[in-house]
Amino acid sequence: MTSTRSVVPGYLRPPPSTVVRMRAPGWTAAIILVALLVIEVYARSPLASPLDIVPVSDMAVTMVELLGDPEFLADALGRTLGIIVVAFVLSSVLGVAAAYMLWRFELWDRAFQPYLNVYYAVPTFALYPIMVVLFGSGIAPIAVLSTIFAFGVVALNARTGFNSVSPIVTKLGTTLEMTRWQFFRSILLPYALPNIVTGLKLGLSYAIISVLASEFILSTQGLGHFISIAYDSFDIDEMYAGILVVTALALLATLGISAVLNRFDWRRRR
């Protein structure tokens, strides 16, 4: 019996939809379950100290209790979710708009390129005192700081997408006498959309990181502050329950936004 061998190079073949008869979401769930099982076994073993880590089952029980506490939902989880949504929406709109303006005006693009390249070399959290002076204490400084933190990655990815438009395609739009809006809607946006989608996914992650880090260090409310207080008071159960809430929040948010945005990414359509 002779075996047939594909003559198509490997880099041209589509990636397999399943590995060991399981799709990517199944592997994601399996990896999470294995990690949780390892933590559970280790936490219950003699090697672990109860002051270092608690079993995942205990974390889950405490997390359910926290999610049933109206004060926790309003003062910690709800507040943090609200700031994340505000920072994500503002950074998305401003980042894409700024990238378009940089693409539209080449002189601006050349002028701002060095600043965009070193954007994250600047210690963003050092701006918090300035934010407090300008906006007072409370939600506003954290929202502004998180918007600034997520803005850069959205703008950089959208700028890359807009700059990927071929000059030939741009000349085609001019030949067809398209209006600026027609060119943006029919040519520029479809070309840039995959990069914009990538930037928005990263922007959400950056917004979550910035909000929680700001609350952990600087705030007197929110989910990050809740974890900080539990840590300082050696309330290990509530600390890990808060961390589990953060992990679940980040995982659900990133998976949800990816599922929504991937519908607009023509590279992922089958």
Side-chain angles (χ1 to χ4, degrees), residues 11-12 14-15 17 24-25 28 81-120 122 124 143-211 250-270:
Y11 61 87
L12 292 178
S17 58
T28 301
L81 282 175
I83 301 176
I84 290 173
V85 170
V86 170
F88 172 67
V89 172
L90 288 177
S91 63
S92 300
V93 174
L94 296 176
V96 174
Y100 174 76
M101 296 302 294
L102 292 177
W103 174 85
R104 182 77 177 79
F105 302 101
E106 186 178 354
L107 179 61
W108 290 12
D109 185 54
R110 293 201 303 266
F112 282 97
Q113 184 175 355
Y115 300 103
L116 288 174
N117 291 338
V118 299
Y119 189 85
Y120 287 107
V122 178
T124 310
V144 173
L145 197 66
S146 301
T147 300
I148 294 173
F149 192 67
F151 165 84
V153 70
V154 176
L156 285 171
N157 279 274
R159 174 175 169 269
T160 300
F162 290 138
N163 288 337
S164 68
V165 179
S166 171
I168 297 176
V169 178
T170 304
K171 292 179 181 178
L172 175 63
T174 304
T175 303
L176 296 176
E177 298 182 351
M178 287 182 167
T179 64
R180 189 170 298 172
W181 167 246
Q182 289 174 333
F183 178 78
F184 178 81
R185 182 188 61 189
S186 303
I187 295 180
L188 186 62
L189 186 59
Y191 257 89
L193 199 55
N195 294 91
I196 293 175
V197 167
T198 301
L200 293 179
K201 293 177 187 177
L202 292 173
L204 177 61
S205 301
Y206 278 53
I208 293 174
I209 293 170
S210 179
V211 170
L251 182 62
L252 291 175
T254 51
L255 290 178
I257 197 68
S258 295
V260 173
L261 293 177
N262 285 343
R263 294 179 178 272
F264 299 95
D265 189 346
W266 50 263
R267 297 176 303 181
R268 297 178 180 271
R269 294 175 185 171
R270 296 289 186 264

(request) Show the numbers, then the answer: is there a side-chain contact (heavy atoms from CB on, under 4.5 Å) between V93 and V154? (result) CA-CA 9 Å; V93 174; V154 176; over 6 Å; no

(request) Assess whether side-chain contact (heavy atoms from CB on, under 4.5 Å) is satisfied between F162 and I196, documenting all intermediate values. (result) CA-CA 9 Å; F162 290 138; I196 293 175; 4.1 Å; yes

(request) Dump the intermediate steps for side-chain contact (heavy atoms from CB on, under 4.5 Å) on R159 and N195, then the final yes or no. (result) CA-CA 8 Å; R159 174 175 169 269; N195 294 91; over 6 Å; no

(request) Test W108 against W103 for side-chain contact (heavy atoms from CB on, under 4.5 Å), laying out the working first. (result) CA-CA 8 Å; W108 290 12; W103 174 85; over 6 Å; no

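Here the straight-line distance linking atom OG1 of T198 with atom CG of L156 works out to 12.5 Å at 0.5 Å rounding. The distance from the CD1 atom of I257 to the CG atom of L202 is 12.0 Å, given to the nearest 0.5 Å. Interatomic distance, CZ of R110 versus CG of L102, reported as 12.0 Å (0.5 Å rounding). A distance of 7.0 Å separates CD1 of I83 from OG of S146, quoted to the nearest 0.5 Å. In this structure, OH in Y206 is found 15.5 Å from OG1 in T147, a value given to the nearest 0.5 Å. Between atom CD of residue Q182 and atom CG of residue L188 there is a gap of 13.5 Å, rounded to the nearest 0.5 Å.
Contact detail for A253 and I208: the closest heavy-atom pair is CB-CD1, 4.1 Å. Nearest approach of G161 to A192, heavy atoms of both residues: C-CB, 3.4 Å. When all heavy atoms of A143 and A87 are compared, the closest pair comes out as O-CB, 4.1 Å. Of all heavy-atom pairs spanning F149 and S210, the tightest one is CD2-CB, 3.6 Å. Scanning all heavy atoms of the two residues, the minimum distance from S92 to L200 falls at OG-CD2, 3.2 Å. Here the closest heavy-atom approach between residue R185 and residue P190 is recorded as O-CD, 3.4 Å.
When the shell of 6.0 Å around CG of L252 is examined, it contains more than 12 heavy atoms from other residues, nucleotides or ligands. More than 12 heavy atoms of other residues, nucleotides or ligands shown are found within 6.0 angstrom of CZ on F183.
Between D109 and R104 there is no salt bridge, since no side-chain N of the basic residue sits under 4.0 Å from a carboxylate O of the acidic one.
Close placement of the Y100 and F184 rings is indicated, their centers lying within 6.0 Å of each other.
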